[in-house]
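Order of the sequence lines sets the chain letters (A, B, ...), proteins ahead of strands, with each chain counted from 1. Being a predicted model, the structure only gives us computed values, none of them experimental.
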Amino acid sequence: MSVRTRFAPSPTGYLHIGGARTALYCWLQARRHGGQFILRVEDTDRERSTDAAVRAILDGMRWLGLDYDEGPVFQTARLARYQEVARGLLDAGKAYWAYETREEIDAMRAAAMARGEKPRYNGHYRDLGAPCRDDPNRVLRFKNPLAGSVLFEDAVKGRVEWRNEELDDLVLIRSDGYPTYNFAVVIDDIDMRISEVIRGDDHVNNTPRQINLYHALDAPLPRFAHLPMILGPDGQKLSKRHGAVGVMQYREDGFLPQALLNYLVRLGWSHGDQEIFSRAEMIALFDIGDVNQSASRFDAAKLSWLNQHYLKTMDPAELAPELRWHLLRAGIEPAGGPAPEDVIVALRERVHTLRDMAERARIWYAPIGAWDEQAVAKHLGADGARDALLAVHARFAALATWTPEQVHAAISATATALGVGMGKIAQPLRVAITGTAVSPAIEHTVFLAGRREALARIEAALARTG
RNA sequence: GCUCCCAUCGUCUAGCGGUCUAGGACGUCGCCCUCUCAAGGCGAAAACACGAGUUCGAUUCUCGUUGGGAGCGCCA
């Protein structure tokens with residue numbers, strides 16, 4: 001039987017970290033086994049679903065490179081199908097109409113709580129055989145088995161068992177005619193021949209009642225896999241403050257999809273001591289059965305480390321368009337400045353994100369904005385600084401070709417000629433070119449400015465030292 | 001309150017009864033390298049929640065305690 005998985009987000013918000021990992025695992029499981037991956041949008045909540053959220057989810061999937069073989073399928077397009085199945089269940093005596101008001105239901109739950117029980121619907125209409133009539137409170141409920149228990153083998157949690165007494169008669173069709181989540185998923189997963197239902201841990205509690213529905217529908221059970229939650233750094237549920245932002249925000253913040261995917265794949269899954277996984281390796285090694293059972297915390301520091309790893313190891317040419325995108329975002333005009341590829345080589349060991357890289361690249365695309373007066377005083381005002389700048393300026397002007405190697409040779413020759421260490425030349429030069437005492441290797445710092453600009457900045461610095 | 005799930009360094013994890021004086025990675029700290037900042041190299045500190053069993057032997061199995069998480073909707 002072929003492996004078919006689906007990612008089924010509800011369009012009530014952006015695609016966040018937890019959803020992205022679920023999508024990744026579903027995708028990996030399908031790719032690993034040569035199966036199909038389906039995207040299904042669960043939009044039956046008409047109150048909260050929005051088109052903007054649908055777009056955000058689609059954008060996030062595309063940015064991460066999680067391509068799907070079928071879909072997106074919208075549940076609202078399948079309403080007739082849900083009605084049809086509901087009718088069948090009703091005719092078979094496996095479902096019934098109920099007419100309690102919300103207040104009555106609330107009272108029922110409160111009473112159960114007071115008795116020390118779980119808040120549940122009491123099945124009042126279950127055997128009344130009430131006909132279908134027009135009523136604002138009309139809902140179709142499922143006749144959940146009264147006795148016995150539901151047992152299933154979860155691919156990550158192992159054996160899970162529930163007593164039917166714990167379950168109540170869930171609503172299948174709401175008063176507005178739309179199916180509820182539990183009803184729609186089951187029908188869709190059956191119709192789409194989903195072989196493995198991979199979803200968040202928060203759905204385990206729904207699984208037994210869904211299994212009862214599968215039985216009522218006489219359908220074969222898929223394999224279930226419930227992924228442990230991703231918690232915030234403080235061990236609490238992910239909130240806006242930490243991590244619960246849309247994946248596209250990570251792009252804005254300068255992260256690479258490779259890094260995010262690599263981080264996510266290792267959160268809850270591992271393959272020995274390996275930390276770095278290319279897309280191909282993930283596909284080759286991943287198996288849903290190897291996923292951990294315990295919740296994990298989101299660690300921004302490790303994500304940063306991974307991001308820098310990819311920054312350092314990826315081909316600069318591949319990174320260049322991304323850097324250009326961030327430069328523009330930062331209000332920096334790349335045209336006329338150094339090639340982004342060269343900037344990447346100079347900065348990638350010094351920053352963790354493309355956004356930081358763009359910010360630090362500003363000195364080569366725009367005039368020095370602010371001078372670090374302390375650095376100016378210390379390095380431009382140092383003994384010999386003026387002579388060093390004068391000498392290096394002359395050598396730069398005389399260089400046959402303008403390359404980092406030639407620039408380095410010129411600085412080195414200047415140091416030798418003046419009988420001083422590299423630092424005596426590099427630091428004043430660094431301040432002259434950047435206005436600060438911190439920048440990439442001096443030859444790159446100078447090279448990236450371009451010969452004309454480098455000479456001009458040295459002259460300006462010389463003027464400052466008076 | 002009730003039900004379900006989880007429990008190895010600060011964090012992510014390896015471990016699937018003896019190989020554990022518990023391994024790796026991020027982070028932290030120290031040293032080296034060095035034109036600044038990084039990156040890199042080397043090294044250090046750092047964990048089996050607790051209590052009973054089972055067993056010749058438990059980090060590994062069982063039960064309980066404690067702690068955490070999830071769910072208990074006409075949301076998904």
* To do: Report which part of the nucleic acid A:A301 touches: base, sugar-phosphate, or nothing (heavy-atom distance under 4.0 Å, all strands).
  => sugar-phosphate
* To do: Would you indicate which nucleotide in B:rC35, B:rG71, B:rC26 comes nearest to any side-chain atom of A:K118?
  => B:rG71
* To do: Run the salt-bridge test on A:R457 and A:E453 with the 4.0 Å N-O cut-off and return the result as yes or no.
  => yes
* To do: Would you verify whether the NZ or CZ of A:R133 falls within 45 degrees of the ring axis of A:Y99 while also being under 6.0 Å from that six-membered ring's centre?
  => yes
* Hey, which of these two, A:G272 or A:M422, hits RNA chain B nearer its 5' end, going by closest nucleotide? -> A:G272
* **Phosphate-side-chain proximity, A:Q427 and B:rU36, N/O vs OP1/OP2 below 4.0 Å** => no
* What distance, rounded to whole Å, do you find between the two P atoms, one in B:rG18 and one in B:rG10? -> 25 Å
* Asked: Tell me: CD of A:E161 to C1' of B:rC5, nearest whole Å?
  -> 14 Å
* Asked: How is A:R297 classified with respect to the nucleic acid when contacts are heavy atoms under 4.0 Å: base, sugar-phosphate, or nothing?
  -> sugar-phosphate
* If we call it a pair only when both distances are under 3.5 Å in a Watson-Crick or G-U wobble match, what pairs with B:rC74? -> none
* Asked: Should B:rU19 form a Watson-Crick or G-U wobble pair with both distances under 3.5 Å, which nucleotide is its partner?
  -> none
* Closest nucleotide among B:rG73, B:rU3, B:rA7 to the A:W162 side chain -> B:rU3
* Quick one: which of B:rC12, B:rC26, B:rG71 gets closest to the side chain of A:W305? -> B:rC26
* Using the C1' atoms only, state how far B:rC2 lies from B:rU59, rounded to an integer number of Å. => 33 Å
* Would you please indicate yes or no on a ring centroid separation below 6.0 angstrom for A:Y263 and A:H309? => no
* Starting from C1' on B:rA76, measure out to CG on A:D188 and report it in whole angstrom. => 13 Å
* Most 5' of A:E275 and A:H271 on RNA chain B, judged by nearest nucleotide -> A:H271
* Asked: Starting at CG of A:L389 and ending at P of B:rC35, how long is that distance when rounded to a whole Å?
  -> 18 Å
* How is A:V139 classified with respect to the nucleic acid when contacts are heavy atoms under 4.0 Å: base, sugar-phosphate, or nothing? -> base
* To do: Using the ring of A:Y125 (Phe, Tyr or Trp, six-membered ring only), decide whether A:R141 places NZ or CZ under 6.0 Å from its centre and within 45 degrees of its axis.
  => no
* Structure fact -> Answer for the Watson-Crick or wobble partner of B:rC4, both distances under 3.5 Å, is B:rG69
* Could you check whether A:R141 gets within reach of a base, just the sugar-phosphate, or nothing at all, counting any heavy atom under 4.0 Å? => sugar-phosphate
* Asked: Under 30°, 30 to 60°, or over 60°: which ring-plane class applies to A:F183 and A:Y82, parallel, tilted or perpendicular?
  -> tilted
* Contact class for A:E443 vs. all strands (heavy atom < 4.0 Å): base, sugar-phosphate, or nothing? -> base
* Nucleotide nearest A:N205 when distance is taken to its side chain, options B:rA76, B:rA39, B:rG71 -> B:rG71
* Using atom CD of A:Q274 as one end and atom C1' of B:rG24 as the other, report the distance to the nearest whole Å. => 12 Å
* To do: Have a look at A:G268 and say if it touches a base, only the backbone sugar-phosphate, or nothing, with a 4.0 Å heavy-atom cut-off.
  => sugar-phosphate
* To do: Pick base, sugar-phosphate or nothing for A:P228, based on heavy-atom distances below 4.0 Å to the nucleic acid.
  => nothing
* Asked: Under 4.0 Å between a side-chain N/O of A:T44 and OP1 or OP2 of B:rA76, yes or no?
  -> yes
* To do: Pick base, sugar-phosphate or nothing for A:R109, based on heavy-atom distances below 4.0 Å to the nucleic acid.
  => sugar-phosphate
* **Watson-Crick/G-U partner (both atom distances under 3.5 Å) of B:rA14** => none
* B:rU13 P sits how many Å from A:L231 CG, rounded? -> 11 Å
* When all nucleic acid strands are considered with a 4.0 Å heavy-atom cut-off, which category describes A:E100: base, sugar-phosphate, or nothing? -> base
* To do: May I have the distance from A:D299 (atom CG) to B:rC9 (atom P), rounded to whole angstrom?
  => 14 Å
* Selected nucleotide, minimal atom distance to A:M229 side chain, candidates B:rC74, B:rG69, B:rG1 -> B:rG69
* To do: Look at the aromatic rings of A:Y25 and A:F286 and report parallel, tilted or perpendicular, splitting at 30° and 60°.
  => tilted
* To do: Describe the nucleic acid contact of A:E42 in one word from base, sugar-phosphate, nothing, applying a heavy-atom distance below 4.0 Å.
  => sugar-phosphate
* To do: Compare the minimum distances between each of B:rC12, B:rA14, B:rC35 and the side chain of A:A426, then state the nucleotide with the smallest one.
  => B:rC35
* **Spacing between A:F142 atom CZ and B:rC74 atom P, to the nearest angstrom** => 16 Å
* **Euclidean distance for P, B:rG71 against B:rC26 (whole angstrom)** => 34 Å
* Across the strands shown, which category fits A:K424 at heavy-atom distances under 4.0 angstrom: base, sugar-phosphate, nothing? -> nothing
* Assigned partner base of B:rC50, Watson-Crick or wobble definition, under 3.5 Å -> B:rG64
* Check whether any side-chain N or O of A:S296 sits under 4.0 Å from OP1 or OP2 of B:rC12, and answer yes or no. => no
* State whether A:D168 and A:R209 are salt-bridged, where the test is any N-O pair (Lys NZ or Arg NE/NH1/NH2 against Asp/Glu carboxylate O) under 4.0 Å. => yes
* To do: Remember a base hit wins even if backbone is also touched, and classify A:A441 as base, sugar-phosphate or nothing at under 4.0 Å, heavy atoms.
  => base
* Decide yes or no, distance alone: a donor-acceptor N/O pair under 3.5 angstrom between the base of B:rC74 and the side-chain of A:S175. => yes
* Whole-angstrom distance between B:rC56 and B:rC12, as gauged at atom C1' -> 36 Å
* Mind checking A:S439 for me? I need base, sugar-phosphate or nothing, with any heavy atom below 4.0 Å counting as a touch. => base
* **Under-3.5 Å donor-acceptor pair between A:R350 side chain and B:rC37 base** => yes
* Asked: Expressed as a whole number of Å, how far does the P atom of B:rU8 sit from that of B:rU13?
  -> 9 Å
* To do: Check every strand shown and say whether A:N292 touches a base, only sugar-phosphate, or nothing at a heavy-atom separation below 4.0 Å.
  => sugar-phosphate
* To do: Determine the interatomic distance between P on B:rA39 and the same-named atom on B:rG30; round to the nearest Å.
  => 14 Å
* Heavy atoms only: give me the nearest A:Q274-A:R266 pair and the separation to one decimal. => O-NE, 3.3 Å
* Expressed in whole Å, how much space separates the P atoms belonging to B:rA44 and B:rA58? -> 30 Å
* To do: Would you mind checking if A:R46 and A:D176 are paired as a salt bridge, meaning a charged N to carboxylate O distance below 4.0 Å?
  => no
* Reckon A:K302 has a side-chain N or O less than 4.0 Å from the OP1 or OP2 of B:rU13? -> no
* Quick one: the side chain of A:D273 and the base of B:rG23, do they pair up donor-acceptor inside 3.5 Å? -> yes
* Choose from B:rA76, B:rA14, B:rC4 the nucleotide whose nearest atom is closest to any side-chain atom of A:D45. => B:rA76
* To do: Determine whether the side chains of A:T207 and A:R199 contain a donor N or O and an acceptor N or O closer than 3.5 Å.
  => yes
* Asked: Between atom CD in A:E165 and atom C1' in B:rC4, what is the gap in whole Å?
  -> 15 Å
* Asked: Could one point to a donor on the side chain of A:N206 or the base of B:rA76 with an acceptor on the other under 3.5 Å away?
  -> yes
* To do: Sticking with atom P, work out how far B:rA7 lies from B:rA25, rounded to a whole angstrom.
  => 24 Å
